[in-house]
Structures are given as C-alpha cells and as structure tokens.
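Every number for a ligand or one of its atoms is a count from 1 in the order of the listing.
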Amino acid sequence: MNQTVQLLKALAEPTRLRIVALCRTGGDLAVSEFVRILGQSQPRVSRHLKLLTEAGALARIPEGSWVFYRIDDTGPVAGILTALIDSIPADDITFQRDRERLAAVKRERAEAADAFFSANAREWGKIRSMHVDQKEVNACLERLVGDKPAGAFLDIGTGTGDMLTLFADRIERGEGVDQSRDMLAVARATLEQEGLNHCRVRQGDLYSLPYENGEFDTVLIHQVLHYVDDVTGAIAEATRVLAPGGRLLIADFAPHEVEDLRKTYQHRRLGFADFEFDATFTEAGLHLDQIEHLSGDPLTVVVWSAHKPGINVRRSVGE
Ligand SMILES: C[S@@+](CC[C@H](N)C(=O)[O-])C[C@H]1O[C@@H](n2cnc3c(N)ncnc32)[C@H](O)[C@@H]1O
C-alpha cells in the first residue's frame with residue numbers, strides 16, 4: 001500500500017503526469033528530450049524524473065553522459081500506473097500538445113539519422129569495419145542459423161543489404177526492409193550484380209513492417225537497434241512477422257562508453273546489456289536460446305538468438 005500511496009503522490013502534479021504520459025507513448029526518452037518537450041529547465045525536469053523513479057513509475061537507464069527513462073512496467077505499481085495514464089482523455093489539450101512536440105523531436109532525430117545514412121550509404125561497409133571485425137560477426141550469425149535451410153528470411157534495417165547476400169545461399173527467399181532510399185539503392189545494385197533474384201528490398205519502417213503475420217522463418221536485426229527509440233516496439237513488430245518455430249537474431253553492441261558515436265554516427269543507445277531484452281522477449285512471446293559475445297576494443301558485439309515457440313508448418317525448423 002505504501003508504494004501505491006507514494007506513486008499517487010508523485011503523480012499528483014501536472015508536469016509529472018505529463019512525463020509518464022509521454023513515456024507511455026514515446027518509448028525511451030532522454031532528459032534533454034523531456035526538457036524540449038516540456039519547456040522547463042533541466043534541473044526542474046531532473047527533479048521530477050527523480051521523484052517518479054523513486055515512486056516506481058519510471059525505470060532509469062544511465063548510458064554514458066545520457067540517461068534514458070521509460071515506464072517501469074515490471075514494478076509492483078505498473079498496473080495502476082498504466083491504468084491511470086490510459087484514463088487521460090485522448091483530446092486533452094496539454095497532452096495533445098506534448099504528443100505533437102514529442103512527434104517533432106522524433107522526426108528531427110529520424111531525419112538526422114536518415115541524412116547520415118544517405119550521406120554514407122556507399123561508405124557503409126568501411127564505416128562498419130571500424131567497429132569490429134565483421135567476418136567474426138558473420139561467422140557467429142552463420143553458426144547460429146546452422147546448416148538447416150533458413151526458409152523465408154527478413155533482414156530488418158537491411159541498409160546496403162549485406163546480410164541478405166551473406167545468407168542468400170541458404171534461404172528460400174529474402175526480404176530486406178529499410179527506411180533509407182539511398183541505402184536501399186546500394187542494396188538493389190548489389191543484389192542485381194550478384195544475381196540474387198530470390199532476394200529483394202523495399203522501403204519501410206521497422207515499427208510497422210509491410211509484411212503479414214508469421215511470414216518469415218528467420219528474422220535478423222543487425223546493428224540497427226542502437227538507432228531506434230522504442231526497442232520494445234521494434235522487437236514486438238519483428239516477432240509479429242515471425243512464424244511459430246521461427247528464429248529472431250539480434251546483433252548489436254554491448255554497453256560501451258564511446259560517446260562520440262552519438263555525435264558522429266547518430267547512435268542513440270550506447271549498446272545493450274545482456275538482460276536488457278529479457279522482459280521484452282518474454283512479453284513478445286519469444287524464448288531466448290543463446291547469447292554470444294564477440295569481444296572487441298572498445299566495442300564488443302553481442303548476438304541474441306531467440307525463437308517463437310511452436311511448430312513451423314512450412315519446414316522442419318523450430319521445435
Ligand atoms: C547501421 S545500419 C545497419 C545496416 C545493416 N543491417 C548492416 O548491418 O549492414 C542501420 C540501418 O537501419 C536503418 N533504420 C534505422 N531506423 C529505421 C527504421 N525506423 N525503419 C527502418 N530502417 C531503419 C537505417 O536506415 C540503416 O540503414
């Protein structure tokens with residue numbers, strides 16, 4: 001009961017109610033983003049965030065010089081909190097304005113990332129090799145996929161399509177989806193050059209993939225999640241298009257402190273801890289099978305392999 005009272009006290013203030021409502025729609029948000037949306041000073045916003053964290057409403061995720069906040073949906077007051085937020089009328093003018101400002105902040109961020117990929121589409125292979133030895137990562141992914149046919153394969157955030165070419169010889173059909181036209185132009189040229197007629201790419205957003213439920217046997221998200229602001233939403237959407245018995249592979253960085261990647265390469269997140277996807281996988285209905293670490297200095301790559309329980313009716317992959 002104490003915790004419920006503490007939560008209700010924390011929420012009984014307009015700015016704090018606005019903050020939790022923003023987190024409910026906005027995924028992980030950084031302090032500087034709250035400052036812009038709410039139009040209040042950083043010390044003030046930080047005080048509100050501290051109170052909300054202490055009351056169990058928000059989870060605090062420190063990362064280098066940034067701190068992200070999200071709804072603490074694992075805590076004891078999570079149910080009451082989400083019910084309260086959901087009871088706010090959709091047409092409330094203050095919350096509506098906050099949502100508009102949040103959308104503008106996200107749009108700006110997406111445009112900056114898109115401009116980066118447009119400017120660097122042809123150089124992407126070179127940029128990537130600065131991170132870690134890609135051959136090692138490819139070998140790990142191939143090992144995890146195994147020798148069995150990988151069926152229908154989806155590469156989310158395919159960029160220049162390198163992962164499609166890597167798996168082309170063991171898949172029945174390959175699809176790559178990406179929001180950057182320039183990256184896709186390079187991918188198309190490569191697929192054509194290599195005669196990979198069973199693979200194609202299309203423009204789309206990873207939060208609303210242009211595919212049917214359960215369409216793919218293997219789904220890969222390779223070096224994409226550190227750009228996105230709603231990792232949970234991205235994984236849920238990837239799971240939607242995965243067939244029962246199908247496999248989801250995620251490759252990204254382990255937590256690191258190379259702050260410059262934010263400025264120079266538009267990274268939003270400085271890597272992910274092993275446990276970070278635990279609750280998300282469970283919620284999405286996935287079963288985590290394996291985590292592999294490929295140590296590098298200063299960047300270690302981690303590969304998470306999970307599957308969607310059930311029998312794959314198309315082929316003998318899965319349980
Ligand atoms: C670092 S690149 C990785 C490309 C590729 N997976 C690889 O490893 O070679 C990240 C890619 O994610 C794409 N991306 C970022 N946010 C996206 C979104 N919301 N929807 C679709 N693609 C997105 C970018 O356009 C970019 O091509």
So for Thr160, does at least one of its heavy atoms come nearer than 4.0 angstrom to any atom of ligand 1? no
Between Arg60 and Phe68, is NZ or CZ placed under 6.0 angstrom from the six-membered ring centre and within 45° of the ring axis? no
Checking Glu194 side chain against Thr165 main chain: does a donor-acceptor pair fall under 3.5 Å? no
Taking 4.0 angstrom as the limit and counting only heavy atoms of Gly159, give me the atoms of ligand 1 inside it, by number and element. 4 (C), 27 (O)
If you count the atoms of ligand 1 from 1 in the order shown, which ones are under 4.0 Å from a heavy atom of Gly157? 3 (C), 4 (C), 5 (C), 6 (N), 11 (C), 12 (O)
Subset of ligand 1 atoms that lie under 4.0 Å from at least one heavy atom of Gly204: 20 (N), 21 (C)
Under the side-chain hydrogen bond (donor to acceptor under 3.5 Å, both in side chains) rule, collect the residues that match up with Glu136, sequence neighbours excluded. none
Classify the ring geometry of Phe277 against Phe272: parallel below 30°, tilted from 30° to 60°, perpendicular beyond 60°. tilted
Taking 4.0 Å as the limit for heavy-atom contacts, which would you say applies to Thr158 with ligand 1: side chain only, backbone only, both, or neither? backbone
Just to check, does Gln223 reach to within less than 4.0 Å of ligand 1 when the distance is taken from its heavy atoms? yes
Taking the six-membered ring of Tyr211 (Phe, Tyr or Trp), confirm whether the NZ or CZ of Arg202 is under 6.0 Å from its centre and within 45° of its axis. yes
Geometry only, no angles: is His222 polar-contacting ligand 1 at N/O separations under 3.5 Å? yes
Do ligand 1 and Asp178 have nitrogen or oxygen atoms that lie under 3.5 Å from each other? yes
So which of Leu196, Thr190, Val201 actually passes side chain to side chain contact (heavy atoms under 4.5 Å, CB included) with Leu164? Val201
Nitrogen or oxygen of His226 less than 3.5 angstrom from that of ligand 1: no
Result block: side-chain N/O donor-acceptor pairs under 3.5 angstrom for residues 8-15, not counting sequence neighbours:
{"from": "Glu13", "atom 1": "OE1", "to": "Thr15", "atom 2": "N", "distance (Å)": "2.8"}
{"from": "Glu13", "atom 1": "OE1", "to": "Arg16", "atom 2": "N", "distance (Å)": "2.9"}
{"from": "Thr15", "atom 1": "OG1", "to": "Gln40", "atom 2": "NE2", "distance (Å)": "3.1"}

What are the atoms of ligand 1, with element, lying closer than 4.0 Å to any heavy atom of Asp205? 18 (C), 19 (N), 20 (N)
Under 6.0 Å between ring centres: does that hold for His267 and Tyr227? yes
Mark up the atoms of ligand 1 that fall under 4.0 Å of a heavy atom belonging to Met183, in ascending order. 27 (O)
Looking only at distances, please establish whether an N/O atom of ligand 1 is found under 3.5 Å from an N/O atom of Leu206. yes
